[in-house]
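Below is one structure, written out as structure tokens; the observations come after it.
All heavy atoms count here, side chains included; hydrogens, waters and symmetry mates do not.
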Amino acid sequence: MKTTETPAPLPAESGAPITKTDIEPPPPVKEKKEGTVLNVFSHGVLVIWAFMVVLPLLWAVMTSFKDDRSIFSSPWSLPDSLHFDNWSRAWTQANMSDYFLNTVLVVGGSLVGTLVLGSMAAYVLARFDFPGNRFIYYLFIGGMSFPIMLALVPLFYVVNNMGLLNTIHGLILVYIAYSLPFTVFFLTAFFRTLPTSIAEAAFVDGASHSRTFFQIMLPMAKPGLISVGIFNFLGQWNQYMLPTVLNTDPDKRVLTQGLVQLAVSQGYKGDWSGLFAGLVMAMLPVLAAYIIFQRQVVQGLTAGALK
């Protein structure tokens with residue numbers, strides 16, 4: 001008995017239309033979400049870190065509107081009423097207004113001087129080749145690694161011999177010297193990322209080096225200037241060791257010295273509500289500066305990587 005074999009289907013001739021039955025679709029492939037566990041872990045760490053940073057700030061602001069009895073009896077509860085007299089008492093009786101003005105003068109003058117001198121030095125180191133370029137650059141980097149604790153005693157005698165002890169302008173000069181190494185290091189890398197064709201075109205048009213720097217290159221470096229300015233502002237505003245050693249005049253104290261004086265002068269009857277009010281006063285300019293220039297800070301930090 002002969003068995004009839006069904007012939008195998010012939011492949012479609014070239015040029016013949018191919019129907020859906022000729023091609024079987026491949027089985028669906030399940031998409032795998034790579035890095036899900038890592039993303040969840042990193043986001044969880046960021047949430048915990050944000051909670052650890054924001055909670056003390058909110059608690060300090062909330063405590064600044066309480067009275068001393070509520071601070072100790074219910075430290076985590078909301079204030080029953082807003083005691084604005086804490087702020088007025090800290091501003092007037094604790095001399096926070098004088099400390100605030102001194103801090104604005106010192107930090108404002110030192111910040112302008114640091115950005116001007118640091119940007120000029122960084123531009124020269126980044127754009128011009130001359131003997132000793134690398135040596136000067138690494139000298140600034142070495143200044144970043146030098147601990148300030150080792151320089152306090154000789155710095156005190158140097159400032160005293162120059163007649164700048166217990167003066168606002170003397171503290172400004174010390175702040176500039178303290179912040180200049182990081183500023184030069186940061187801006188040198190930033191100026192290297194700027195295009196050279198624009199500066200060359202300015203030289204061809206007859207612009208001098210100073211005009212090219214101040215009118216062309218410096219505006220182009222605005223994101224980097226804002227970023228390094230914010231970092232210097234934070235460091236100089238919160239500086240405590242340098243003014244404690246170099247500024248012993250009670251009338252010329254800065255905010256950090258004023259807060260310590262406010263905490264110590266009351267003795268066992270510490271004005272805790274006034275202390276928290278003064279603490280929030282000292283924090284507000286820093287928070288406001290970072291919130292306003294947050295986008296510029298991010299642009300300045302990523303500009304070097306996006307050349």
Side-chain angles (χ1 to χ4, degrees), residues 105-148 150-151 155 158-159 169-239 242 286 289-290 292-307:
L105 293 176
V106 172
V107 175
S110 61
L111 193 60
V112 173
T114 302
L115 292 180
V116 172
L117 297 177
S119 60
M120 295 172 66
Y123 176 74
V124 173
L125 293 175
R127 293 290 181 173
F128 300 97
D129 293 330
F130 55 91
N133 184 303
R134 293 288 89 188
F135 174 76
I136 298 175
Y137 176 71
Y138 289 119
L139 194 64
F140 278 108
I141 295 180
M144 295 174 55
S145 60
F146 189 80
I148 194 62
L150 298 179
L155 184 62
V158 169
V159 174
H169 53 281
L171 202 57
I172 289 176
L173 293 178
V174 173
Y175 276 21
I176 292 176
Y178 173 75
S179 305
L180 205 56
F182 172 74
T183 304
V184 173
F185 170 74
F186 187 94
L187 292 180
T188 300
F190 191 88
F191 276 116
R192 288 173 180 169
T193 63
L194 299 181
T196 58
S197 58
I198 299 178
E200 293 174 354
F203 292 143
V204 171
D205 292 339
S208 61
H209 287 285
S210 59
R211 185 177 180 181
T212 302
F213 171 72
F214 285 105
Q215 294 187 1
I216 297 176
M217 304 305 295
L218 199 61
M220 292 175 60
K222 181 181 177 181
L225 292 174
I226 293 177
S227 299
V228 75
I230 291 295
F231 291 130
N232 286 329
F233 175 75
L234 295 176
Q236 295 173 4
W237 188 272
N238 297 324
Q239 183 61 241
L242 289 177
V286 177
Y290 185 78
I292 294 173
F293 298 105
Q294 181 179 7
R295 181 172 298 179
Q296 286 80 359
V297 171
V298 176
Q299 291 177 356
L301 291 176
T302 58
L306 299 177
K307 182 180 177 182

Can you name the closest pair of heavy atoms from [X] and [Y] and give their distance?
X: Gly109; Y: Ile172; answer: C-CG2, 3.8 Å
X: Phe191; Y: Ala221; answer: CE2-CB, 3.8 Å
X: Ile230; Y: Ala289; answer: CD1-O, 3.9 Å
X: Gly229; Y: Leu111; answer: O-CD1, 3.6 Å
X: Leu194; Y: Met220; answer: CD2-O, 4.1 Å
X: Met144; Y: Pro181; answer: CG-CB, 3.6 Å

Practice prompt. Any chance you could lay out the side chain to side chain contact (heavy atoms under 4.5 Å, CB included) test for Thr183 and Leu117, step after step, and finish with the verdict?
Written response: CA-CA 9 Å; Thr183 304; Leu117 297 177; over 6 Å; no
From [X] [atom1] over to [Y] [atom2], what is the distance, rounded to the nearest 0.5 angstrom?
X: Arg134; Y: Ile136; atom1: CZ; atom2: CD1; answer: 10.5 Å
X: Phe186; Y: Thr188; atom1: CZ; atom2: OG1; answer: 11.0 Å
X: Phe185; Y: Leu187; atom1: CZ; atom2: CG; answer: 11.0 Å
X: Leu105; Y: Leu171; atom1: CG; atom2: CG; answer: 11.0 Å
X: Leu180; Y: Tyr175; atom1: CG; atom2: OH; answer: 15.5 Å
X: Phe231; Y: Ile226; atom1: CZ; atom2: CD1; answer: 12.5 Å

Practice prompt. List the steps, then state whether side chain to side chain contact (heavy atoms under 4.5 Å, CB included) holds for Gln239 with Val106.
Written response: CA-CA 11 Å; Gln239 183 61 241; Val106 172; over 6 Å; no
Any sub-3.5 Å donor-acceptor pair from [X]'s side-chain atoms to [Y]'s backbone N or O?
X: Thr193; Y: Phe190; value: yes
X: Ser179; Y: Ile176; value: no
X: Ser145; Y: Gly142; value: yes

Please list, chain by chain and in numerical order, all residues satisfying ring-ring contact (aromatic ring centres under 6.0 Å, His included) with [X], sequence neighbours excluded.
X: Phe203; value: His209
X: Phe213; value: Tyr123
X: Phe233; value: Trp237

Item to complete: Could you please spell out the steps behind the side chain to side chain contact (heavy atoms under 4.5 Å, CB included) verdict for Phe140 and Leu125?
Response: CA-CA 11 Å; Phe140 278 108; Leu125 293 175; 4.2 Å; yes
Fill in: Heavy-atom side-chain proximity of Leu225 to Leu218 below 4.5 angstrom
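Side-chain contact under 4.5 Å: yes.
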[atom1]/[X]: more than 12 non-hydrogen atoms of other groups inside 6.0 Å:
X: Phe135; atom1: CZ; answer: no
X: Met120; atom1: CE; answer: no
X: Tyr178; atom1: OH; answer: no
X: Asp129; atom1: CG; answer: no

Fill in: Worked check of side chain to side chain contact (heavy atoms under 4.5 Å, CB included) between Val228 and Thr114
CA-CA 10 Å; Val228 75; Thr114 302; over 6 Å; no
